Structures are given as structure tokens and as C-alpha cells.
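In what follows, chains carry the letters A, B, and so on, assigned in the order in which the sequence lines appear, proteins first and then strands, with residues in each chain numbered from 1. What you are looking at is a predicted structure, and each value in this text was computed from that prediction instead of being measured.
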Amino acid sequence: AQSVTQLDSQVPVFEEAPVELRCNYSSSVSVYLFWYVQYPNQGLQLLLKYLSGSTLVKGINGFEAEFNKSQTSFHLRKPSVHISDTAEYFCAVSEGGGYQKVTFGTGTKLQVIP
Amino acid sequence: SAVISQKPSRDICQRGTSLTIQCQVDSQVTMMFWYRQQPGQSLTLIATANQGSEATYESGFVIDKFPISRPNLTFSTLTVSNMSPEDSSIYLCSVAIPGTGNTEAFFGQGTRLTVV
């Protein structure tokens with residue numbers, strides 16, 4: 001069975017500083033990997049996804065993530081955060097062909113400090 | 001992309017009653033999903049609702065408690081039956097987008113349910 005671990009429940013960071021949100025997964029087969037963002041009182045929005053190909057994936061709002069198969073990681077990074085990036089971020093994994101049986105991590109709350 | 005409208009956005013309900021949550025999509029989609037997000041926790045899949053077939057429930061969720069309807073390719077409802085305070089959660093509707101090979105999903109804004 002697949003699982004996702006987000007190592008940090010909360011990450012405080014100063015505005016314009018870089019940030020990395022960590023995600024590790026476990027699966028016995030090839031996976032699709034996703035990062036979603038949830039702003040307060042809103043649904044989830046897809047930031048980026050890894051299906052195959054280049055291990056460095058660029059998403060919206062200046063975020064990027066790198067798939068590392070040997071370390072089973074898919075960490076999310078941004079070189080310079082803004083106040084508007086304050087939100088909760090969810091890593092997710094899918095083993096199915098397409099968006100099926102997706103497992104979400106427990107989320108990381110990013111707090112950007114002015 | 002897809003625009004998903006979920007109603008109601010929030011509600012406060014008495015224990016023992018039922019609430020039906022509606023999910024309307026602005027395009028036809030085959031795969032729809034219902035998730036629960038309990039306070040301070042991640043999303044848990046309740047069931048997959050594909051048009052033309054019975055909903056498929058995940059372990060720990062049963063049809064009697066969470067009946068789902070999927071009458072067409074743009075609409076679904078989830079009912080939370082005989083509610084207890086433990087059902088207080090955010091309930092989210094999600095759809096997989098055919099144009100992405102069903103590799104992306106869009107979410108509604110959620111229904112914040114409080115049971116008192």
C-alpha cells in the first residue's frame with residue numbers, strides 16, 4: 001500500500017527567504033506525485049505534479065519540486081516566499097493509472113512572517 | 001480546468017439529523033470523489049462516484065451512513081446521515097479532469113459541517 005509522510009507539520013519562514021517543504025512516500029510500484037495548496041476556507045488547488053520524465057517539476061506561483069526515486073522524496077521548494085504563500089500544503093501520491101486511489105499526507109502549514 | 005460549486009459552504013446541524021451536500025461541475029466528468037477532512041487532519045477518501053455505477057466506498061465508510069447519488073456527469077450529492085459530533089469535518093468534492101488523462105483533480109471549496 002502507498003503512504004505519504006510530510007515531516008513538518010508547521011514551517012515558519014521570513015518573507016523573501018527560501019523554503020523547502022519535505023515529503024516522502026512509500027510505494028511498491030511507479031507513482032504519480034502531487035503537491036496541493038489549501039488557502040484558508042478554500043478547497044485544494046494543484047501546485048504541480050510529477051507523472052514521468054524530468055525529475056524537476058515547476059508549478060504555479062514560483063514553486064518547484066524534485067522527484068528523487070532513490071530517496072523516495074518529492075520535496076517542494078520556493079526560492080523566495082511571499083506573505084500570500086501562507087497556507088497549508090499537501091503532498092499526495094497515486095499508484096493508479098490516472099487520478100485514482102490518491103493518498104494525501106497530513107499537510108504542512110507554511111507561515112510566512114513579515 | 002473545471003469549476004466546482006459545492007453547497008452549502010457551511011452548516012451547523014443537530015445530532016441525529018442528516019445533511020445533503022451538493023456538488024455541481026461546469027463540465028462533464030466521469031470520476032468524482034468525496035473526501036472528509038477532519039479538524040487538523042489530512043484528507044480521507046470517502047468514496048468514488050462514477051456516473052452509471054454504484055459508488056465505491058473506502059474502508060471505514062458505508063453507504064448507510066454516507067449515501068451518494070450521481071445522476072449525471074455534472075452533479076453529485078453526499079448525504080451525512082444520523083449525524084454525531086464526530087462527523088464535524090470539512091467535506092470536499094473533487095473531480096478528475098479527462099483532458100489531463102485523469103491525472104489532475106479539482107476540488108470544490110468544501111462544506112464545513114459542525115454537529116452539535
Check: Taking side chain as C-beta onward, heavy atoms only, is Gln109(B) less than 4.5 Å from Tyr39(A)?
Finding: no
Margin query: Between Leu45(B) and Val102(A), is there a side-chain heavy-atom distance shorter than 4.5 Å?
Written below: no
Note to self: I need the residue from Gly105(A), Gly107(A), Ser9(A), Gly43(A) with the largest number of non-hydrogen atom pairs under 4.5 Å to chain B.
What the structure shows: Gly43(A)
Reported [atom1]-to-[atom2] distance for the pair [X] and [Y], which is rounded to 0.5 angstrom:
X	Y	atom1	atom2	result
Tyr35(B)	Phe104(A)	OH	CZ	4.5 Å
Leu46(A)	Phe106(B)	CG	CZ	7.0 Å
Gln38(A)	Ser42(B)	CD	OG	9.0 Å

Same apolar cluster (I L V M F W Y, side chains within < 4.5 Å links), [X]/[Y]:
X	Y	result
Val3(B)	Met32(B)	no
Ile12(B)	Leu113(B)	no
Leu78(B)	Phe75(B)	no

If you draw a 6.0 Å radius around [atom1] in [X], do more than 12 non-hydrogen atoms from other residues or ligands fall strictly inside?
X	atom1	value
Lys65(B)	NZ	yes
Glu15(A)	CD	yes
Ile113(A)	CD1	yes
Gln38(B)	CD	yes

Check: With a 4.5 angstrom heavy-atom cut-off, which part of Gln45(A) approaches chain B: side chain, backbone, both or neither?
Finding: neither
Notebook entry, point to check: Of the backbone (N, CA, C, O) and the side chain (C-beta and beyond), which part of Gln37(B) lies under 4.5 Å from a heavy atom of chain A, both, or neither?
Noted result: side chain
Note to self: If I measure from the heavy atoms of chain A, does Leu43(B) come under 4.5 Å with its side chain, its backbone, both, or neither?
What the structure shows: both
